[in-house]
A.B. asks: 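For reference, the structure I am asking about is given below.
One is the number of the first residue; the rest follow in order along the sequence.
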Amino acid sequence: MKIVPLLLTVTLLGACSAPEPEPEETGSTESSMLDHNERILEMQRADQQQAQDIFRQVAEDTQRQRAERWAILQETQRKIAEMTAQIEADKARAAARAAQASDAGVEEDADADADD
C-alpha cells in the first residue's frame, strides 16, 4: 500500500512540472548565427584595419627617423670637413711662419758670417 501513494505522488508531480519549451524555428537560429558571424567578421576587419594603420604609422616613423639620421650624418660630415680644412690651414700658416722665421734667422746668420 505504501507503493501506490508514492507512484501517485510521482505521477502528479510530473504532471505539475513546467512545460518544456518548444524548439525554436531553425530560420531564426540560422539568422542569429549569421548575425553573430557577421559581427565577428566586422570585428576582425576592424582589428585588421587597426593593425594596418599601426604598421603604416611605424613605417612612416621609421622613414622620418631615417631621413633625420641622414641629415644629422650629412651635417656632421660637413662640420668635420670644415674643421679639417681649418686645421690644415692653421698648420700651413704655422709652417709658413716657421719657414719665414727660419729664413730670417738664416739671413741674420749669413749677415753675421759676412761681417766676420
A.B. asks: Side-chain donor-acceptor contacts of residues 87-99 below 3.5 Å, not counting sequence neighbours, with atom names and distances?
C.D. replies:
| residue | atom | partner | partner atom | Å |
| --- | --- | --- | --- | --- |
| D90 | OD1 | Q86 | NE2 | 3.2 |
| D90 | OD1 | R93 | NH2 | 2.3 |

A.B. asks: Output side-chain donor-acceptor pairs under 3.5 Å for residues 57-73, partner residues at least two apart or in another chain, one line each.
C.D. replies:
| residue | atom | partner | partner atom | Å |
| --- | --- | --- | --- | --- |
| T62 | OG1 | V58 | O | 2.8 |
| R64 | NH1 | E68 | OE2 | 3.1 |

A.B. asks: Is it the case that more than 12 heavy atoms not belonging to Q100 sit under 6.0 Å from its CD atom?
C.D. replies: no
A.B. asks: Could you pull out every donor-acceptor pair under 3.5 Å between side chains of residues 36-50 and any protein atom, sequence neighbours left out?
C.D. replies:
| residue | atom | partner | partner atom | Å |
| --- | --- | --- | --- | --- |
| N37 | ND2 | M33 | O | 3.4 |
| Q49 | NE2 | D53 | OD1 | 3.0 |

A.B. asks: For E75, give me all partners under side-chain hydrogen bond (donor to acceptor under 3.5 Å, both in side chains), at least two apart in sequence or on another chain.
C.D. replies: R78
